[in-house]
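Below is one structure, written out as structure tokens, with a few remarks after it.
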Amino acid sequence: MRLVGRDVLSKAIRKHADAKKWLESWAATVEDAIWQSLDDVRADYPSADGVKLKSQIVITVFNVKGNEYRLLTNVNFRRQTVIILELLTHAAYDKDQWKGRY
């Protein structure tokens with residue numbers, strides 16, 4: 001998979017240094033992956049979820065660091081790209097305000 005949005009990832013690591021190791025490992029896994037479906041994603045990250053928004057976009061959400069954070073991405077299986085959208089704390093994610101941004 002091609003990873004897009006490394007700047008977003010770098011910013012998230014600066015803001016949440018405790019998630020650095022997990023995020024760097026995730027990025028390496030993504031770059032080596034050939035995912036064709038959410039089932040393939042779940043083979044590497046069993047708790048990953050696809051959240052379909054009113055805009056019809058599906059956001060793939062990864063639980064980071066034992067559920068402390070949520071990593072929001074847009075995965076295009078056909079184009080083999082993962083776009084990093086943002087990293088949220090679990091509490092911010094639960095407020096659902098992010099859904100209006102995509």
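The figures here come from the full heavy-atom set of this structure, side chains too, leaving out hydrogens, waters and symmetry mates. What you are looking at is a predicted structure, and each value in this text was computed from that prediction instead of being measured.
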Ignoring hydrogens, what is the shortest heavy-atom contact between [X] and [Y]? Give both atom names and the distance.
X	Y	answer
I84	T73	CA-CG2, 4.4 Å
G50	L38	N-CD2, 3.7 Å
V51	K99	CG1-CE, 4.2 Å
N67	H90	O-ND1, 2.9 Å
K65	A19	CD-CA, 3.7 Å
V58	N74	O-ND2, 3.6 Å

A side-chain contact here means heavy atoms from C-beta on lying under 4.5 Å apart; do [X] and [Y] qualify?
X	Y	answer
M1	L3	no
K95	L88	no
V64	W26	no
D44	F62	no
Y45	L71	no

- Task: Indicate, with yes or no, if the rings of Y93 and W98 have centres closer together than 6.0 Å.
- Result: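 Judged by ring-centre distance (under 6.0 Å), Y93 and W98 do meet the cut-off.
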- Which distance, rounded to the nearest 0.5 Å, do you find between the CD1 of I83 and the CZ of R2?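 If we round to the nearest 0.5 Å, I83:CD1 and R2:CZ are 8.0 Å apart.
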- Query: Once you round to the nearest 0.5 Å, how far does CG of L85 lie from CZ of R70?
  - Reply: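 Reported value, rounded in 0.5 Å steps: 15.0 Å.
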- Just by distance, with hydrogens left out, do S47 and N63 show a side-chain donor and acceptor under 3.5 Å apart?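 S47 vs N63: donor-acceptor pair found between side chains.
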- Message: Under the criterion side chain to side chain contact (heavy atoms under 4.5 Å, CB included), I'd like the reasoning laid out for L87 against L23: C-alpha separation, chi angles, the key distance, then a yes or no.
- Response: CA-CA 10 Å; L87 180 73; L23 292 168; 4.0 Å; yes
- Query: Given E68 and H16, is the side chain to side chain contact (heavy atoms under 4.5 Å, CB included) satisfied, shown in steps?
  - Reply: CA-CA 10 Å; E68 286 184 45; H16 303 286; over 6 Å; no
